[in-house]
Amino acid sequence: MDFTKNLNPMQKEAVLHTDGPLLLLAGAGSGKTRVLTHRIANLIQSGVNPFNILAITFTNKAAKEMKERVNSLIPYGEVWVSTFHSTCVRILRRNIAKIGYENSFTIYDADDSERLIKQAMKELNFNDKLLKPKSVMAEIGSQKDNMISYEQFEIIAGSDFRLSKISQIYTYYQKRLRANNALDFDDIIFLTVKLFRDCPEVLVGYQERFKYILVDEYQDTNTSQYELIRLLAGKHKNLCVVGDDDQSIYGWRGANIRNILDFEKDFENATVIKLEQNYRSSKTILEAANAVIKNNHSRKSKSLWTDNNEGENIEFYKAQSDLDESRYITEQIEQNVLNGGKYSDNAILYRQNALSRSIEDSLVKNNIPYRIFSGVRFYERREIKDILAYLRLIHNPFDDISGRRVINVPKRGIGEASVEKILRFSTEQEISFSDALVICDNIEGIGTRHKKIKEFAVLIEELRDFSVNNNVSDLINQILEKTGYILELQAENSDEALGRIENIDSLINKAHEFEKESEDKTLNAFLEEVSLVADVDNYTDDDDTVVLMTLHSSKGLEFPNVFIPGFEENIFPSYRSLMSQSSNDLEEERRLCYVGITRARENLCLTSATSRLQNGQFVYNMPSRFLEEIPEDIVNSTRQNIGVSMKTINTIPAKKPNISFKTNNYDTINSTSKNSDINFKIGDKVKQIKYGNGTVIAISQEEVTVAFDGLGIKKIKPQLLKRKH
DNA sequence: TTACTATGGATTTTT
DNA sequence: TCCATAGTAA
């Protein structure tokens, strides 16, 4: 089979390239995934064993997509396609004992890490007002990203007051992680590189296995990821990296743009291929994107072009207020749908999560279905983290962060003071958290509390026994039953509690899915899977809903119509980037703007608000400087006239009815009961966006049956209905 | 220990 | 505005 059919000459060259280092500079929308997958297929066809190919991505979604596309081209042989983190976890599970951890290690997320940092600071008697746990965590993370161990950092910190404090925390933190047999996200990469450096025989094994390596989104790699790739590709040097320096937007997370800019220096005789033809956007949109990005200085020269149509001008709407801005966007979307488009053709991409609020309110008010990504992520929700903490403690008796989290959830009368004592005891005696619970009568000053602690210890032991012969979903059910977790939520009887129960159900579903699909059905494998997923991984365009997400999470996606609200100084570019001494920060904002613009296929709409309620205060920002960088003749500017907008504002009810829980994302469509009253009665007059007016004729647990005027009887989720007065 | 109130602090976050 | 936390009362 010819895998170069329908490819342009540059794409063809990239697909046919086989041995040696290759840098693919792939502009936005230039068909990079297509090239990557066809290249893999071509390698296999020309005799490379799929077993010898490794493809690395940043997100599970990208990995999954690539895998599917490769399989559809060459439906035999398994290529190892996975994220940096999953790849490393797989390597570590086999080999981590060589560097002093147990292979049943737990993976801590950012929240767990922060708790551990706080614990460390408390233990070291550091004031968390002077030194914020968050910034300490960022500092430690960036050290790990740069492959600097706590021992090395102690030397670097020297006598610098702040750095030496951080160094002490880093040391304590790392030792605690080790004692808990836990790794944080940065450790996953850091320790893999350490493993390769310390144990050359392990490295050689993987070098032999991965004769061909492909790395996607190379501009986002940090130093440790770069080092990992350099080591793995060190022997065969068949390394193909794909990236776009103009789309590097994770510098603040340690991504080192140098990695892509210096690829040719780092890998001798590298072939460089530029993919500059864009297949996604209209000429106008590309012109805007190019005009903005050309103001950046540190970049590889590259200019995107397209054969697509001229397309529509870019809309700029200068709103009076954030309310006016939301109203405008809502109206535009309604208009797009009336013109025959789908809701899912529309994406609203913002610089900060906080900007979604007023837009959500407006969408809800107008019964426009939407899905929001980011915000509180599914696996970071309290109830989910609680259940996972039980699972983790069951799996890893040393995990005191998880133990601490659930020891008094639901309330068992074991307070902060007792927990501290148990922790100290387990550290002093060098025993696991679980063992400390069992022999808690030996702890001084624990008093009569030991009875309750023992009960908890027995509970965990029983669950641990149960876990041996039962699958994950049954184990979760057992936890819920034995702890009375659900009962407590039911007793609360609030919308919020109901939402939490729903989320727990989703988790159980997730476990069922896992049991059906996964090869390795152990608790360990389940925990691993859930610790390494992100929100955007759940993005599908199956549902016909408007999409809301941050500009950062939108990378790699595309939509016919893109709205970017908050196109203002201090928001986009952000206040911090404007305050920064380094011009790099502003340039990164500009790249983010470039990413945002190039998400759009047909229409791009930018909006700013003259006044905006932010953090409870009114702020007044000028339109973004990026707007001025777009040629005037391709922008239609509209400015809200004050009289009209006042009228608009007055028609919006002052008080929102019945605010309840926020469902945000995952498998929930629309914003559920942020909507008005969902307790309908039979006989209520209601309105639904598709079917129009109707009357409620029956109500069940989840659905309301409505007789729509002239359109018959339909069952509808109550949150999609609006009451008519 | 817990349940209440006051206060202060709020980018972006692939895993 | 909304959230997490610190401090206080019971």
Side-chain angles (χ1 to χ4, degrees), chain A residues 56-63 82-89 107-111 113-114 118 128-129 132-134 137-138 141 145 183-189 216-217 219-222 224-225 247-255 322 349-355 357-358 361 373-377 379-380 382 408 411-419 447-449 452 528-537 539 549-557 566 570-580 585 588-589 591-593 595-596 612-618 656 659 662:
Chain A
I56 301 185
T57 63
F58 274 87
T59 66
N60 293 299
K61 180 177 152 44
S82 73
T83 64
F84 267 103
H85 292 263
S86 314
T87 303
C88 290
V89 167
I107 298 164
Y108 280 175
D109 68 12
D111 182 72
S113 303
E114 196 181 334
K118 281 181 187 157
D128 61 5
K129 293 248 156 46
K132 297 210 199 73
K134 275 224 166 63
M137 193 165 77
D145 287 347
L183 314 193
D184 67 16
F185 284 140
D186 300 314
D187 280 339
I188 293 174
I189 315 290
D216 194 12
E217 306 281 12
Q219 76 282 352
D220 292 333
T221 49
N222 62 31
S224 58
Q225 287 159 342
Q247 292 187 66
S248 164
I249 54 174
Y250 286 102
W252 51 276
R253 270 291 278 105
D322 45 351
L349 312 177
Y350 33 80
R351 179 66 246 259
Q352 301 161 203
N353 285 121
L355 292 179
R357 272 201 60 93
S358 57
D361 286 347
F373 297 85
S374 74
V376 184
R377 297 197 219 144
Y379 290 108
E380 282 168 18
R382 194 171 74 201
N408 203 26
K411 300 239 169 347
R412 305 189 170 87
I414 307 171
E416 204 46 36
S418 308
V419 174
T448 54
R449 227 83 64 192
K452 290 170 175 164
E528 190 167 303
E529 189 169 302
V530 300
S531 3
L532 298 176
V533 291
D535 219 35
V536 249
D537 291 338
Y539 173 76
M549 60 173 75
T550 62
L551 286 151
H552 280 90
S553 358
S554 75
K555 198 172 65 169
L557 302 174
N570 300 322
I571 291 181
F572 194 20
S574 71
Y575 178 74
R576 275 163 104 111
S577 70
L578 292 175
M579 287 303 116
S580 165
D585 294 309
E588 184 153 313
E589 294 286 311
R591 291 194 291 269
L592 186 59
C593 183
V595 168
R612 175 185 300 281
L613 196 56
Q614 241 190 340
N615 305 338
Q617 277 187 320
F618 282 102
K656 277 176 287 175
I659 299 174
K662 186 167 177 172

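Below, chains carry the letters A, B, ... as their sequence lines are ordered, and counting in each starts from 1.
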> Who are the ring pair (Phe, Tyr, Trp, His ring centres under 6.0 Å) partners of A:Phe572, not counting sequence neighbours?
Replying inline: A:Phe567, A:Phe626

> Among C:dC2, B:dT11, B:dA10, which nucleotide sits nearest the side chain of A:Arg357?
Replying inline: C:dC2

>> Closest approach to the side chain of A:Arg576, judged atom by atom: which nucleotide of B:dT13, B:dT11, B:dT14 is it?
In response: B:dT11

If you restrict it to nitrogen or oxygen atoms, what contacts under 3.5 Å exist between nucleotides 5-7 of chain C and the protein, and what is each distance?
residue: C:dT5; atom: OP1; partner: A:Lys118; partner atom: NZ; Å: 2.8

> What's the CG-P distance between A:Asn570 and B:dA10, to the nearest Å?
Replying inline: 17 Å

>> Among residues at least two apart in sequence or on other chains, which ones pass side-chain contact (heavy atoms from CB on, under 4.5 Å) with A:Glu416?
In response: A:Arg404, A:Glu420

> Nearest nucleotide by nearest heavy atom, which residue falls closer to the 5' end of DNA chain B, A:Ser577 or A:His85?
Replying inline: A:Ser577

>> Quick test of the criterion, 5.5 Å between centres and less than 30° between planes. Is A:Tyr575 stacked on B:dT11 or not?
In response: no

>> How many whole angstroms separate atom CG of A:Asp361 from atom C1' of C:dC2?
In response: 13 Å

> With a 4.0 Å cut-off, would you call A:Arg253 and A:Asp145 a salt bridge?
Replying inline: yes

> Phosphate oxygens OP1/OP2 of B:dT12: is one of them under 4.0 Å from a side-chain N or O of A:Asn353?
Replying inline: yes

>> Going by ring pair (Phe, Tyr, Trp, His ring centres under 6.0 Å), name the residues that satisfy it together with A:Tyr250, two or more places apart in sequence or in a different chain.
In response: A:Trp252, A:His552

> Contact class for A:Glu589 vs. all strands (heavy atom < 4.0 Å): base, sugar-phosphate, or nothing?
Replying inline: base

> A:Lys134 NZ to B:dT13 P: how many Å, rounded?
Replying inline: 13 Å

> Rounding to a whole Å, what distance do you find between A:Asp186:CG and B:dT14:P?
Replying inline: 13 Å

>> Please pick, from B:dT11, B:dG9, B:dT13, the nucleotide with the shortest atom-to-atom distance to any side-chain atom of A:Thr550.
In response: B:dT13

> How many Å lie between CG on A:Asn222 and P on B:dT13, as a whole number?
Replying inline: 18 Å

> Starting at CZ of A:Arg351 and ending at C1' of B:dA10, how long is that distance when rounded to a whole Å?
Replying inline: 14 Å

>> Rounded to whole Å, please give me the gap between NE2 in A:His552 and P in B:dT14.
In response: 10 Å

> Has A:Ser553 got a side-chain N or O lying under 4.0 Å from the OP1 or OP2 atom of B:dT13?
Replying inline: yes

> Residues in side-chain hydrogen bond (donor to acceptor under 3.5 Å, both in side chains) with A:Arg576, at least two apart?
Replying inline: none

>> Are the side chains of A:Val89 and A:Ile107 in contact, using a 4.5 Å heavy-atom criterion?
In response: yes

>> Taking the minimum atom-to-atom distance to the side chain of A:Lys132, which one of B:dT13, B:dT11, B:dG9 wins?
In response: B:dG9

>> Run the side-chain contact (heavy atoms from CB on, under 4.5 Å) test against A:Asn570 and tell me which residues pass, sequence neighbours left out.
In response: A:Tyr575, A:Leu578, A:Asn621

> For the pair made of CG in A:Leu551 and P in B:dT13, what is the distance, rounded to whole Å?
Replying inline: 9 Å

>> Checking A:Thr57 now: which residues fulfil side-chain hydrogen bond (donor to acceptor under 3.5 Å, both in side chains) with it, not counting sequence neighbours?
In response: none

> Any side-chain heavy-atom pair from A:Ser577 and A:Glu588 closer than 4.5 angstrom?
Replying inline: no

> A:Gln247: what forms a side-chain hydrogen bond (donor to acceptor under 3.5 Å, both in side chains) with it, not counting sequence neighbours?
Replying inline: A:Asp244, A:Arg599

Within the sub-3.5 Å range, which N or O atoms of nucleotides 1-6 of chain B have a protein N or O partner, and how far apart are they?
residue: B:dT1; atom: OP1; partner: A:Gly415; partner atom: N; Å: 2.5
residue: B:dT1; atom: OP1; partner: A:Ser418; partner atom: OG; Å: 3.3
residue: B:dT2; atom: OP1; partner: A:Gly413; partner atom: N; Å: 3.4
residue: B:dT2; atom: OP2; partner: A:Asn408; partner atom: ND2; Å: 3.1

> What nucleotide among B:dT11, C:dT1, B:dG9 has an atom nearest to a side-chain atom of A:Asn615?
Replying inline: C:dT1

